[in-house]
Undergrad: 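First the structure, then my questions, so here it is.
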2 protein chains.
Amino acid sequence: MKNWNRNNATSEFVRSRRKESKMTQFELSDLTGVGLRFVRDLEQGKPNLMTDKVNQVLLFFGHQLTPTPLSDETRRSLGK
Amino acid sequence: MKNWNRNNATSEFVRSRRKESKMTQFELSDLTGVGLRFVRDLEQGKPNLMTDKVNQVLLFFGHQLTPTPLSDETRRSLGK
DNA sequence: GTCTTTTATACCTTTATGGGTATAATCGAT
DNA sequence: ATCGATTATACCCATAAAGGTATAAAAGAC
């Protein structure tokens with residue numbers, strides 16, 4: 001059904017930060033201005049997301065998307 | 001006309017890496033499998049891009065998009 | 001300077017994201 | 001165990017991204 005990957009850097013980051021802040025998905029969507037559906041998709045690891053929407057959420061936690069070297073972990077999971 | 005920002009982390013990263021590799025935009029699009037138009041938009045700093053397409057290009061350079069703390073530089077340009 | 005290559009901008013079409021809503025499923029507190 | 005809140009999945013629609021093509025501008029070689 002859904003072959004999304006919840007265990008990617010961005011999904012895990014948002015989920016953990018949100019929980020640390022004791023917020024619900026709804027509250028996060030409300031505070032960041034993105035749709036609730038987007039927060040869900042983001043945390044569930046939907047592959048195709050718009051960078052500015054992701055950044056809209058990350059900004060709330062003082063972060064943003066930037067290019068970083070592949071971790072050995074990631075490289076392994078990609079078979080590179 | 002275009003109020004895009006060429007001077008963002010991702011655009012600059014791709015542009016510099018591509019030039020270091022002495023590749024044309026066409027070659028990069030060809031090797032990464034994304035459209036030539038996308039490489040252009042990416043390097044020109046189009047605000048809304050799909051994360052998987054960006055990653056498709058970054059992967060070629062051994063990188064990927066991940067959440068990183070806002071730099072003072074970025075924070076200043078955002079007025080945060 | 002000219003000519004060629006590369007890059008930038010503009011228009012059009014197809015496709016899929018984001019958003020909304022509704023419904024299940026899961027988790028928590030009691 | 002029940003009941004409420006939170007999270008997950010499924011549907012539809014409007015909008016915009018990605019791609020293609022064509023043209024203009026810029027950069028390089030000569």
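Residue numbering restarts at 1 for every chain, and letters A, B, ... go by the order of the sequence lines.
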Undergrad: May I ask you to evaluate whether Gln25(A) reaches the phosphate of dA8(D), defined as a side-chain N or O under 4.0 Å from OP1 or OP2?
TA: yes
Undergrad: Starting from Leu59(B), can I reach Leu42(B) by hopping between I/L/V/M/F/W/Y residues whose side chains sit under 4.5 Å apart?
TA: no
Undergrad: Which atom pair, heavy atoms only, marks the closest approach of Pro47(A) to Asp52(B)?
TA: O-CB, 3.9 Å
Undergrad: Answer yes or no: is there a side-chain heavy-atom contact under 4.5 Å between Leu28(B) and Val14(B)?
TA: yes
Undergrad: What's the shortest heavy-atom distance between Val39(B) and Ser29(B), and which atoms?
TA: CG2-CB, 3.6 Å
Undergrad: Side-chain contact, heavy-atom cut-off 4.5 Å: Glu20(B) with Phe61(B)?
TA: no
Undergrad: When you check the gap from the basic side-chain N to the acidic O, do Asp41(A) and Arg37(A) get nearer than 4.0 Å?
TA: yes
Undergrad: For DNA chain D, what are the stems built from at least three Watson-Crick or G-U pairs in a row, each pair having both distances below 3.5 Å?
TA: C:1-30 with D:1-30
Undergrad: May I ask you to list the residues of residues 27-51 of chain A, by number, that have any heavy atom positioned under 4.0 Å from an atom of DNA chain C?
TA: Val34(A), Gly35(A), Arg37(A), Phe38(A), Lys46(A), Asn48(A), Leu49(A), Met50(A)
Undergrad: Any idea how His63(B) and Phe13(B) line up, ring-wise: parallel (<30°), tilted (30 to 60°), or perpendicular (>60°)?
TA: tilted
Undergrad: Provide, to the nearest angstrom, the distance between the CD atom belonging to Gln56(A) and the C1' atom belonging to dT17(C).
TA: 14 Å
Undergrad: Find the distance Asn55(A):CG to dG18(C):C1' and express it as a whole number of Å.
TA: 16 Å
Undergrad: Side chain of Thr24(A) only, heavy atoms from C-beta on: which candidate in dT7(C), dG19(C), dT7(D) is closest?
TA: dT7(D)
Undergrad: Send over the distance from Asn3(A) CG to dA8(D) P, rounded to a whole Å.
TA: 17 Å
Undergrad: Answer yes or no: does a side-chain N or O of Arg18(A) lie under 4.0 Å from OP1 or OP2 of dT6(D)?
TA: no
Undergrad: Arg15(B) near the nucleic acid: base, sugar-phosphate alone, or nothing, with a heavy-atom cut-off under 4.0 Å?
TA: nothing
Undergrad: Which atom pair, heavy atoms only, marks the closest approach of Thr66(B) to Ala9(A)?
TA: CG2-CB, 4.0 Å
Undergrad: What is the distance from CZ of Phe26(A) to C1' of dA5(D), rounded to the nearest Å?
TA: 13 Å
Undergrad: Test salt bridge (charged side-chain N to carboxylate O under 4.0 Å, His left out) on Arg40(B) and Glu43(B) and set out the steps.
TA: CA-CA 5 Å; Arg40(B) 298 205 197 298; Glu43(B) 292 193 2; over 6 Å; no
